[in-house]
Amino acid sequence: MFPYPSGNIHMGHVRNYVIGDICARYHKLKGDEVIHPMGWDAFGLPAENAAIQFKTHPQDWTITNIKNMKDQLLKLDLDLDWDRELATCNENYYRYQQELFIDLYNAGLAYKKDAVVNWDPVDQTVLANEQVIDGKGWRTGATVEKKKLSQWFFKITHYAEELLSGLDKLTLWPEKVKTMQKNWIGKSLGAEIKFEIAGKDNFLNIFTTRPDTIYGATFIAVSINHQIISEVLDTASIEKIRKDFEEVSDDKEKIGIKLNLRCKHPILDKEIPVYIANFVLDNYGEGAIFGCPAHDERDYEFAKKYNLPIIKVIDCLDTELPYIGDGKLINSPLLDGLNKDKAIEEIIKFFSKTGTGHKKINYKIRDWGVSRQRYWGCPIPVIYYEDGSYRVLDKSELPVLLPYDISLEGKGNALLNKDEWRKIICNKTNKKAYRETDTLDTFVDSSWYYIRFLNNKLDKPFDPSKANELLPVDKYIGGIEHAILHLLYSRFFMKALRDIYNLKIDEPFKQLFTQGMITHKTYKTNADEWVMPIEVVSKNGKLLRSKTGEAIEEGPSEKMSKSKKNVVEPNVILENYGIDATRVFMISDSPPDRELEWTDEGIQSSKNLVNRIERYFSKKDGDVNLEVEKEVEKFVNNIEKNILSFSFNKCVADVYTLFNYLEKKNVYLYNDKLSKKILICLFPIVPKLSKSLNKSLFKSDDFERWPEINIDLLIENKIKLPVQIHGKLITTIDTNKGYSEKEILKSIYELDKIKNKMQNKKVTKVINVQDKIINIIIN
RNA sequence: GCGCCAGUGGCGGAAUGGUAGACGCGCUGGUCUUAGGAACCAGUGGGCAACCGUGGGGGUUCGAGUCCCUCCUGGCGCACCA
């Protein structure tokens, strides 16, 4: 539980925390040791933006929001361990993060380099690759620019293989998230091949997954950012080409600029031309490829456009070109007759021998750029000297506190203009020095908070023995939007910390549950103005805006969002319906991993259920017999099973089923011992009501342990046995378990419905699945 | 384009290969009440019926919503990844 303190709790938070709260309460009743903490992901840009907009300070804004949201959370009456509370913007958190940064640096997992990075022009900061979606900033939606800057990186690529292979062991994670991470890591097997540049004592490295098609290579293409280009073209021409590339309207269109360069073919005695091509990515492989037009779609398109030769090296029809699939190698003296896999193997052997290439595993994932050119974040504990060299501080020099007194008015990072903070004298060298003014990506903050929760007051980042004892987190609940950001970073952190601190933990989160969004119908006026649901009234079957009487059009149900105004406020709901009804509705209609549509009917019927339970327990009537006991036992068993499998919607159905049964039988248990059982099972779902009933019926403030299941009570002897003919249900017959097939068939053949079907046909076969079903086959 | 997931009444959704539609919402009829965002009772997949029904078509099986093949539709993710 680690919300961003944006100001208010919304329904999405409520759903998330109710799910977690049910789990926590259940496990506590089971006698398990439960840690159910809450903290604040409190650094980040919205605070700076809000501070500028409202003429306040990011810290004040954040602290006020935390206070406000905490008040709202308290009203939800969640069973949280508030004494574990933490906020990343507190010195007591981020100073330990600075220690971890030093640890990572010393372990070679944090480093600084010049790199072409993603620049968000709106937020005025660098973004990690993971934070760029469709070329746009994940928060601002602004088109990301490329900038060359010196930046801090975390070496997530060091763990690329383990981050990938580890996914298989995460059996309690949704497949979908694992697939997304797999794609992001993007492992591919292939070869790196050296191409000698004709007339120069220099090479060009390329990566390929299809070294078998080397005989079909007819050109080389490099990315616009490839360093070889600067050796042949001046900066102005490069910029001109870069611009031309950017201006292509169809971004799939292939454009190439032929360079005054040729490469020697690594096997054949010939030279092939080198192009700059817009479709070659600079951040994948070597930023350079060899083109084999006959067997690659892009290369084919490119070759057609620039009249490059197309040489077939895999046997196929000319009409099939470009042919991507497997086949027999041709026109390839060393490989002729082999199929693809064998040819790849052979050619790599050959290259290794001649020194022109080798086997290579390539990953798409890049190191995590963590520098942010913003004030409101964790300062990076580094200083720079006047000669440009830098020093990562010692732990004894920590904390590097974020100065409060700054001006956000100017452009860029406020820390840059804060000289009295930035300019220091290095206490080791006595030289003039400057503090690093970049701060850490807030995803760093959230990559280890779950460890800090284990002991939030410790005077070091965490206690390794506690971590070993309690991690990984058993149940981790959140939205799918974290699939490759937070969840990948946290996995990286766990592995890095494992290696640094010699921990026994490989993965941070054992079970991951991704909850669905809450949606609501949308409403618009004819003038295309969004209208809050609360303003809409229905009159004579027509929707009107209550204030003005304007006609309202109802739109599809969409994710609740402020911009579409289709939100309901938790505090309003709590006031009108109470916490128990709110909890019931959060889990009742849809399975928790799917969308939940907010409806007035839904929340109302949840309230009705809560009232009904209360009413039920106000009366005593009827006899408690074995059948009732069995029904209650079934209820306990089902609730438990469904809580454990996150099938909370079925838990609600179990509650209805139980009370439907009891009321139908006119059995009102009141303070019978069965009521105690029922109330314990209701406690995780409707804690307030359950607690108050327990108090009034049993004069107790506490609950006993979650009831042990008595298996004997779950066994049902009397059954309705389905009887089929040719697999189609004809009727059912009342009998006891363990019936004799012979005898039951005798009575089955006496049934009218069966007789009608059988007429004078002969039974050829009887399938008796004992105690389950009987299927009769007739000719 | 590639990958993943899903398609079940009017709606949300239940069903270890074994009685499809649990449970809820909505709806219909009735009861109670000064009143009720209430409660209670009966009903509610389609069809007068025989029967027909889980996106379409094939298959495996005594038996398929569930497994296999194929197609269609929708959602999500990735997308010039060499």
Side-chain angles (χ1 to χ4, degrees), chain A residues 133-135 174-184 186-188 190-191 193 206-211 213 220-221 223 250-254 277-281 283-292 295-299 301-302 362-365 480-481 483-484 557 576-577 584-585 588-591 593-597 599-609 611-612 615 638 642 647 649-660 663-664 719-733 756 764-769 771-778:
Chain A
I133 293 147
D134 286 336
E175 252 348 282
K176 188 188 168 92
V177 173
K178 291 196 276 183
T179 309
M180 283 166 74
Q181 292 208 355
K182 218 170 270 177
N183 292 339
W184 186 260
K187 179 181 184 176
S188 46
I193 303 174
I206 67 95
F207 172 75
T208 179
T209 53
R210 293 296 304 271
T213 63
I220 299 275
S223 125
D250 172 9
D251 62 2
K252 286 264 152 84
E253 193 189 331
K254 310 274 175 291
N278 66 338
F279 67 93
V280 180
L281 305 169
N283 56 1
Y284 183 78
E286 300 293 321
I289 60 155
F290 78 72
C292 175
H295 306 292
D296 182 282
E297 279 177 42
R298 288 155 312 188
D299 299 348
E301 199 186 320
F302 192 79
N362 193 60
Y363 297 92
K364 212 167 83 178
I365 191 170
I480 186 82
E481 69 274 15
I484 35 187
S557 202
N576 286 339
Y577 299 94
V584 169
F585 183 52
S588 59
D589 273 357
S590 307
D593 53 347
R594 289 200 210 164
E595 280 180 3
L596 170 69
E597 187 180 12
T599 60
D600 292 345
E601 292 84 357
I603 181 71
Q604 183 56 49
S605 69
S606 299
K607 178 67 183 166
N608 293 346
L609 177 63
N611 289 342
R612 179 179 170 192
R615 211 166 42 240
N638 286 340
N642 288 327
S647 306
N649 54 323
K650 286 191 257 170
C651 288
V652 178
D654 294 335
V655 174
Y656 277 109
T657 306
L658 176 73
F659 288 101
N660 286 351
E663 288 179 351
K664 187 122 197 155
I719 50 168
K720 279 194 178 328
L721 186 71
V723 181
Q724 298 181 326
I725 289 181
H726 288 301
K728 281 198 170 182
L729 180 77
I730 305 303
T731 185
T732 60
I733 181 167
N756 289 342
T764 56
K765 196 175 176 186
V766 173
I767 291 112
N768 172 37
V769 183
D771 300 341
K772 279 267 167 142
I773 202 164
I774 286 194
N775 190 9
I776 300 166
I777 310 302
I778 53 183

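In what follows, chains are A, B, ... by sequence order, proteins preceding strands, each numbered from 1.
- Remark: RNA chain B forms stems of 3 or more consecutive Watson-Crick or G-U wobble pairs, all pair distances under 3.5 Å, at B:1-7 with B:72-78, B:10-12 with B:23-25, B:26-31 with B:39-44, B:55-59 with B:67-71.
- When heavy atoms are screened at a 4.0 angstrom cut-off, A:Thr732 is found touching base atoms of the nucleic acid.
- A:Lys664 comes within contact range of the sugar-phosphate backbone alone, with a heavy-atom separation under 4.0 Å but no base atom that close.
- In this entry the base of B:G9 is syn relative to its sugar, with a glycosidic angle within 90° of 0.
- Which of B:A82, B:U16, B:A14 sits closest to the side chain of A:Val280 comes down to B:A82.
- Comparing the P positions of B:A15 and B:A22 gives a spacing of 12 Å, expressed to the nearest Å.
- The backbone N or O of A:Glu595 lies less than 3.5 Å from a partner atom in the side chain of A:Ser590, making a donor-acceptor pair.
- Of all heavy-atom pairs between A:His726 and A:Asn775, the closest is N-OD1, 3.3 Å.
- Cation-pi geometry between A:Lys187 and A:Tyr363 is not met at under 6.0 angstrom from the ring centre and within 45 degrees of the axis.
- When the P atom is used for both B:U31 and B:A50, the distance is 32 Å, rounded to whole Å.
- Residue A:Asn775 is classed as a base contact, given a heavy-atom separation below 4.0 Å to a base.
- When all heavy atoms are compared, the tightest approach of A:Phe585 to A:Leu596 is O-CD2, 3.8 Å.
- Counting any heavy atom pair closer than 4.0 Å across all strands shown, A:Lys650 reaches sugar-phosphate atoms only and no base atom.
- For the OP1/OP2 pair of B:A22 and a distance below 4.0 Å, the side-chain nitrogens and oxygens of A:Asn660 include no atom meeting the criterion.
- Within the nucleic acid shown, A:Leu281 comes within 4.0 Å of at least one base atom, counting heavy atoms only.
- Scanning all heavy atoms of the two residues, the minimum distance from A:Gly287 to A:Val280 falls at O-CG1, 3.5 Å.
- Looking at A:Val766 and A:Ile777, their side chains never come closer than 4.5 Å, going by heavy atoms from C-beta outward.
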Treating primed atoms plus P, OP1 and OP2 as sugar-phosphate and everything else as base, which nucleotides of nucleotides 35-40 of chain B get B, S or - for protein heavy atoms under 4.0 Å?
--BSSS

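- Comparing A:Pro722 and A:Thr599, the nucleotide of RNA chain B nearest to each residue sits closer to the 5' end for A:Pro722.
- Residue contacts for A:Glu175: at a heavy-atom cut-off of 4.0 Å it reaches no nucleic acid atom on any strand shown.
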What pairs of nitrogen or oxygen atoms, one from the protein and one from nucleotides 49-54 of chain B, lie under 3.5 Å apart?
{"from": "B:C51", "atom 1": "OP1", "to": "A:Lys757", "atom 2": "NZ", "distance (Å)": "2.6"}
{"from": "B:C52", "atom 1": "OP2", "to": "A:Lys728", "atom 2": "NZ", "distance (Å)": "3.3"}

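- Counting any heavy atom pair closer than 4.0 Å across all strands shown, A:Phe207 reaches a base atom.
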